[in-house]
Amino acid sequence: MTLSKYYELARTDLFEKITYFWNQLFGALFISIILFIFLQIWTTLGQEQGLLQGYTVPQLLWYLAFAEVILFSSGNEWLEKIGEEVRSGALGLHLLKPMNYVGAKFSLHFENFLYSFFSIGIFAFSVCYFLVGPIPVSITTVLTAFIAATLGALLNFFFITTLGLLAFWLEDVSSIWWIYSKLLFIIGGMLIPLDLYPDWLQAITNYLPFSYIMYWPAKILVNYAGINILSVFGMQLLWILIAAFILTSTYLAGIRQVNMHGG
Amino acid sequence: MGVKSHLVFLKAFYTNELAATLEYRFNFITQTASMFVNDLFWIFFWFIFFQRFESVGGWKFHDMMLLNAVFAGAWGLSMVFFGNWKNIARIIEQGGLDYFLTLPKNVLLHVVVKMSYSGLGDFLFGLTLAAFALPLSKIPLYLFFLCTSLFVILGWGIFIGSLAFYFQHLEAIVRSLREGFLSLSFYPFSVYKGFTRFILLVVIPAGFAAGIPVELLNTFSWKWFFLTTGFSITFFSLAVCFFYVGLRKYESGNVMAMRG
């Protein structure tokens, strides 16, 4: 099976996205609002309490900006789209094409991640720079954080695709999306670093995969010291393998339920 | 159409919508329960946040409970009874107003009226939180603020949706403005000071949707009570006028559409 068709699929989608570049960028305006809100919160807390668990206000804002960019680039709305494709029967039509459904979704997802990460990232990081200025980071740190973000996005892809495919059994997956997104926001440490949580909750999050999608990549960027990078990458890869296995099993079980008629 | 005929229309509409909803009972219960759990996550977030930081600009966990009680409740009400307010821009952009223009007036009411049952989870969550966070004597005031907040939310939705009469390809921007309004309302209002606070009261009235009602539920002031009431009604009325002024610029999309 050749991979070129997946490349072509991603390329076509990329050109379509570039056509609506400004539309997407305006859509990312939301990030600047969130950054603005948290700047107010952290500044108020900083004035009242000084250093926040070892973080400065600029570090916390850059953390949030990086985590938001990962979230916006991860195409989480795909969960509902995949659910709709399953529910409406569009997935059945896809099965007729000489292309693996999950493989096609993967190529589109990865292309979307790279494109959105850089386009939305430039916007979000510029807003962050404008609001609090730069923080000291090296090129190595930025590259390491990007690799961690890419692995996080991969892990997220396996989760959202699996959850979307649950539409084979459930009537509506939008409610699953609400809960999953809140898990990412809170247990995944998107809004605030997990270091700021009580110890008992930090201990729980260490055993869950959500922190490897946003928390660790963003923490690497702003507070690299003391992090065992190999351990983070190792855990990300381990969760990717587990999630890939769950996705494969769900997909194979799901397509057995597909009944197609001619016409 | 007079007020009475509007009420007759709404009663008939909601009766039909409810009957249709109950046809998909499992879906209805799942979505309502999931939204309730979704909101619980937010309260859990604020609970752990205030475990680490005692207060933010004077606001404590109890204030966040009140904020969620008012805003989630009003947001839920808006979705349960006027669930299409989020889709105004899309309907205008796609030329979908043609269908509504053929109906007996009022056009805007026909456009926005829709039952979105996920909102019921928000509404019930708001009521539950209020029952926990407020003494019984303050519940009437809370219910009053649900209404003023509803006016502000609907007013904002109508205003940003009507921008589609004037600009094209606006859906992504409108979504950002809507989510932005939601976020600005959903965080402690005490962190906004000076000019920012002014903007959030007058330009993007997120403060009147939740922050000011919470402060009034804590410490009542007649001045701010009348300001909140007057602003919410005026803002809503202006948004409705903005829609009808924009409607004059509307061009048919020649689209076959059904209500949905």
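Chain letters run A, B, ... following the sequence lines, proteins first and then strands; every chain starts at 1.
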For residues [X] and [Y], report the shortest heavy-atom separation together with the two atoms involved.
| X | Y | value |
| --- | --- | --- |
| A:D195 | B:R52 | O-NH2, 3.9 Å |
| B:G180 | A:I33 | CA-CD1, 3.5 Å |
| B:P188 | A:I41 | CD-CD1, 4.2 Å |
| A:L191 | B:Y187 | CD2-OH, 3.9 Å |
| A:I186 | B:F45 | CD1-CB, 3.6 Å |

Applying side-chain contact (heavy atoms from CB on, under 4.5 Å) to B:F53 and A:T44, what does each step give before you reach the verdict? CA-CA 11 Å; B:F53 309 107; A:T44 307; over 6 Å; no
[X], part contacting chain B, at a heavy-atom distance under 4.5 Å:
| X | result |
| --- | --- |
| A:S174 | side chain |
| A:L196 | both |
| A:W42 | side chain |

Those residues of residues 178-185 of chain A, ordered by number, that approach chain B below 4.5 Å (heavy atom to heavy atom): A:W178, A:I179, A:K182, A:L183, A:F185
At a heavy-atom distance under 4.5 Å, which candidate from B:E54, B:M35, B:Q51 has the highest pair count against chain A? B:M35
Specify which of B:I48, B:V174, B:T30 makes the most heavy-atom pairs with chain A at under 4.5 Å. B:I48
Validation row, ring centre B:F49 to ring centre A:Y197 under 6.0 Å: no
To the nearest 0.5 Å, atom CZ of A:F36 lies from atom OG of B:S183 at 12.5 Å
What's the spacing between B:T196 OG1 and A:I37 CD1 if we round to 0.5 Å? 11.5 Å
Taking ring-ring contact (aromatic ring centres under 6.0 Å, His included) as the definition, give me every residue that meets it alongside A:F158, ordered by chain and number, with sequence neighbours left out. none
Around atom OH of B:Y166, are there more than 12 heavy atoms of other residues, nucleotides or ligands at under 6.0 Å? yes
